[in-house]
Amino acid sequence: MNILQQGLWALLLWPHLFTVSVPLDCRDDQASLARCPSISQEKLLDRVIHHAELIYRVSEESCSLFEEMFIPLPLRLQSNQGGYACITKALPIPSSKSEIQQLSDKWLLHSVLMLVQSWIEPLVYLQMTLDRYDHAPDMLLNKTKWVSEKLISLEQGVVVLIKKMLDEGTMTTTYSEQGAFQYDVQLEMLEYVMRDYTLLTCLKKDAHKMETFLKLLKCRQTDKYNCA
Amino acid sequence: MMKNDGGVRVFWLLLLFLLYTRGKSFSVPGKPTLTRCRSPEKETFTCWWEPGSDGGLPTTYKLYYRKEGSEKEYQCTDYHTGGKNSCFFNKNDTSIWVNYNITVVATNALGQALSDPLNIDVYFIVEPNPPENLNVTIQNDKGWPFLRASWDPPTKADTRSGWITLIYELRIKLEEEDEWEIHHVGQQKVFNIFGLQSGGTYVIQIRCKPDHGFWSEWSDDVQVVVPNYFPNKRSAWVLLMVFSGMVFLILSWLLHLNSRNLKHCILPPVPGPKIKGFDQKLHKSGKSVDAFKSLEVPDFPHHTFSKSEDFLVEYIEVYVPEEQELMLEKSNNLHNGCLKSESSVSDCDSGRGSCDSHTLLLDKSGHQTNTQDSQTDEQKHGEALQGENLAYTHQDMVSPDMSAGRVKTWPSVFSPLPQNRSTVDQTSSIEIAKQHCLSDSLLPSDFLTPYHSPPGHCTREHLGSNYWEFDFGNKQPHLTQPQTEACHQIQAHSEININTGVKAEPAAHKFPTPRSNEYVEVQRINEEDSVVLRPVASNYDKLFEMQQGEDYSRVKGVDSDNVLLLLQKEAMEEEMNMCPCEQLTDTTGAHYTRFARSPEKPTACTHPTPQPLEERVVNGYVDTATMFTMPPY
């Protein structure tokens with residue numbers, strides 16, 4: 001009966017399958033627009049960039065908040081020191097402009113995707129750990145939660161963008177390296193705090209990286225954009 | 001070996017000692033401090049440090065750095081590009097999103113000093129150069145100019161590829177001012193500025209900032225002079241003055257127009273007693289008589305004012321027998337148009353009317369003097385009416401007592417009859433009675449109006465079923481009209497003024513033909529209890545122009561049914577018109593009619609033919625259409 005019902009529903013709703021299934025995958029030709037309401041590549045890219053910008057802004061605010069609340073002045077450095085490197089260090093992402101500009105669109109997009117996917121899990125951890133703080137302000141918690149959500153949507157956008165721009169299928173490879181992050185290590189309070197601080201600063205940095213990559217990608221479309 | 005070492009040490013110590021003895025001090029260099037590091041375009045960066053004390057010895061500074069994730073130590077290669085005490089990192093040495101650990105080492109002969117390490121990330125220290133090529137032009141927009149500022153991004157910043165995104169900020173001020181007006185521009189490179197002062201000189205600057213980074217320095221000033229688009233400041237002032245002057249004139253004009261209203265609004269006048277014609281000054285001076293004099297009507301015979309008794313007026317029904325008429329005629333011949341102001345007392349006092357004039361007459365029978373009477377009450381009047389052939393006459397006593405709004409007649413109202421009365425004039429003895437209401441009208445005009453009411457007032461109030469009053473309208477004067485002397489006497493008896501009547505006496509005033517009233521005054525009372533009336537010259541007709549002349553009928557008598565028998569009007573009129581009394585005999589006139597209380601129309605005065613037995617009443621007045629026959633005169 002269940003299968004029958006499902007079959008019946010599928011029959012009844014079969015036109016919706018086309019509309020609901022992959023709204024972003026429609027082709028840009030005029031004929032398909034009527035049947036398939038999707039957004040154009042430019043708009044999608046703009047939205048993705050906007051997402052990245054927002055994520056950067058919120059992560060920067062979170063880092064400042066955390067720094068004010070929990071980090072004593074002498075330790076307030078712009079970057080981490082000590083043994084806690086950013087988790088994305090291992091990613092094969094160039095760090096100089098010349099190198100980056102030599103990257104292809106594909107690699108740019110993939111790099112962004114890698115970054116996004118590698119941050120999803122640590123953000124979950126960050127939310128968990130921030131709850132344990134005694135006086136963590138609600139704003140900090142809200143912001144990290146927000147970043148976490150936005151990263152997921154950013155990932156979806158980048159995936160679609162890859163599909164649009166590169167005509168590639170969805171890649172299910174995840175780049176998150178579970179082993180890079182050790183959750184269970186019992187640390188002293190200060191180290192605890194420093195680790196979280198490092199996490200936030202790295203998040204800020206990577207958000208900026210994503211934004212820059214996407215902007216580079218956007219300005220490469222010279223016929224559509226005028227980045228001068 | 002050991003000796004050499006010892007020798008070197010000794011040498012150095014000696015040197016130091018020597019130096020020390022010479023008064024100079026040398027020390028290790030002070031600790032340098034890294035002040036800041038900046039990247040103008042996110043591709044290169046420069047770091048500056050502040051040297052400590054040099055210790056008196058030449059000191060060298062070296063910058064070492066390490067990159068994140070590597071222990072390799074690099075040394076700065078370019079110490080000159082950034083200026084003194086700086087280190088410039090070129091593109092190859094710059095990595096974005098990578099932590100740098102930078103240290104400066106100061107070295108002199110005696111030692112070295114290490115600065116505190118500085119951790120930086122290039123993406124975080126971006127501070128671009130100011131925008132370049134700021135160009136401000138004056139654009140014209142239909143006579144109202146505006147400024148258009150345009151600029152270029154700093155040369156090194158690679159905005160073209162999107163590597164760095166810059167947002168701009170512009171500020172402007174007048175040359176002589178101190179405060180800047182800041183405009184946030186965004187990513188565009190053109191900006192319009194409106195709302196400029198005519199003829200002013202403006203100074204404009206611009207700066208930029210990457211989306212995450214520091215603001216650049218302000219660019220150099222650009223000055224621009226705005227042309228005088230406002231034609232002439234002075235003319236503008238002139239226009240303004242003219243306009244405000246006009247507005248002021250209009251306002252003052254309006255104020256002047258409404259000054260009275262405003263005065264009333266702001267300073268309401270204190271109401272004071274005002275009587276028309278009343279001279280307050282005279283009154284104040286104590287001469288009340290004089291003061292009241294002004295209230296008099298000039299033509300008004302006023303000699304009776306002084307007599308209080310004169311103020312009583314009564315209606316008197318008049319029945320003048322023929323002899324009396326003749327007598328009247330004769331007597332009137334003596335004084336044409338000269339009426340004595342015979343006082344007649346009539347009292348139209350709230351309709352009580354007249355009416356005890358009967359008694360009055362009795363009292364004063366036999367003389368031609370004015371009969372005076374006090375006001376009689378209603379009852380008396382009624383009796384009088386019922387009892388006899390009542391000949392009422394107005395006593396032309398005027399009572400200025402207007403307290404109850406009563407009608408008073410002026411005894412002296414009646415001036416000598418004018419000889420040249422036209423037929424239109426109507427007088428009747430009854431008119432006198434009427435005049436007692438009318439007479440009031442001889443008073444200042446205020447009293448005129450009561451005439452209308454009081455007679456009716458008089459008449460109505462005393463609606464006795466037994467009697468009623470008629471004011472005979474247009475038709476009637478005839479007998480009593482003073483048109484000619486001959487006619488006067490006839491008038492005397494023809495006038496009937498019935499005070500207490502249902503008929504709306506005011507209706508009587510709606511005579512179609514305006515006629516002035518002529519009045520009759522009591523000449524004397526003959527022995528038959530009839531009042532001999534004499535027409536009164538109607539100088540006052542004008543006063544009563546409003547009131548149509550009322551024609552009166554002569555009452556023949558009252559029959560058993562308490563019906564007044566009146567003489568036909570036309571007959572009388574005809575008689576009057578014809579004037580010679582002999583002709584009166586020809587009139588038929590002898591129609592009697594019964595009068596009920598019904599308003600009747602006035603008949604035209606100019607119909608000499610006696611009407612058949614019809615009842616025509618003048619607006620409520622009984623028309624003596626059909627009357628008893630007139631005995632020839």
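From a predicted model like this one, the values you see are computed outputs, not experimental measurements.
- For B:Asp211, the part lying near chain A is the side chain, with the backbone staying farther off; criterion is any non-hydrogen pair under 4.5 Å.
- Aromatic pair B:Phe45/B:Tyr100: ring centres closer than 6.0 Å.
- Figure legend: cation-pi geometry between B:Arg66 and B:Tyr74 absent, as NZ or CZ is not positioned both under 6.0 Å from the six-membered ring centre and within 45° of its axis.
- By the 4.5 Å heavy-atom criterion applied to side chains, B:Thr165 and B:Gln187 are counted as neighbours.
- Taking the side chain as every heavy atom from C-beta outward, B:Val104 and B:Tyr64 never approach each other to under 4.5 Å.
- Using a 4.5 Å cut-off between non-hydrogen atoms, the part of residues 97-107 of chain A that approaches chain B consists of A:Lys97, A:Ile100, A:Gln101.
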Task: Full working for side-chain hydrogen bond (donor to acceptor under 3.5 Å, both in side chains) between B:Thr137 and B:Gln139 - done: CA-CA 6 Å; B:Thr137 56; B:Gln139 308 285 323; 3.0 Å; yes

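- Note that OG of B:Ser219 and CD1 of B:Ile206 are 6.5 Å apart. Values are rounded to the nearest 0.5 Å.
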- [ ] Could you please spell out the steps behind the side-chain hydrogen bond (donor to acceptor under 3.5 Å, both in side chains) verdict for B:Asp220 and B:Gln205?
- [x] CA-CA 6 Å; B:Asp220 292 334; B:Gln205 288 179 340; over 6 Å; no

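- Taking chain B as the reference chain and counting heavy-atom pairs below 4.5 Å, the highest number among A:Glu53, A:Lys215, A:Arg57 is found for A:Lys215.
- At a threshold of 4.0 Å, the pair A:Lys204-A:Glu60 does not count as salt-bridged, since none of the basic side-chain nitrogens sits closer than that to a carboxylate oxygen.
- Within the 4.5 Å cutoff, side-chain heavy atoms of B:Pro131 are placed close to those of B:Ser216.
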TODO: Please report the C-alpha distance between B:Asp178 and B:Lys173 in whole Å, then the side-chain angles of each, then the deciding distance to 0.1 Å, and finally whether the salt bridge (charged side-chain N to carboxylate O under 4.0 Å, His left out) criterion is met.
DONE: CA-CA 7 Å; B:Asp178 289 335; B:Lys173 77 174 171 86; 5.4 Å; no

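- Taking the six-membered ring wherever Trp is involved, the centroid distance between the rings of B:Tyr123 and B:His212 does not fall below 6.0 Å.
- Remark: A:Asp46 engages A:Lys218 in a salt bridge, criterion side-chain N to carboxylate O under 4.0 Å.
- For a heavy-atom cut-off of 4.5 Å, chain B lies close to A:His208, A:Lys209, A:Glu211, A:Thr212, A:Phe213 in residues 207-214 of chain A.
- Both the backbone and the side chain of B:Ser161 come within contact range of chain A, with heavy atoms under 4.5 Å apart.
- Annotation: cation-pi pair A:Lys205/B:Trp97 absent, no NZ/CZ under 6.0 Å from the ring centroid and within 45° of its normal.
- The stretch residues 67-152 of chain B participates, sequence neighbours left out, in these disulfide bond (SG atoms under 2.5 Å apart) pairs: B:Cys76-B:Cys87.
- Contacts between residues 140-152 of chain A and chain B, counted as heavy-atom pairs separated by less than 4.5 Å, involve no residue at all.
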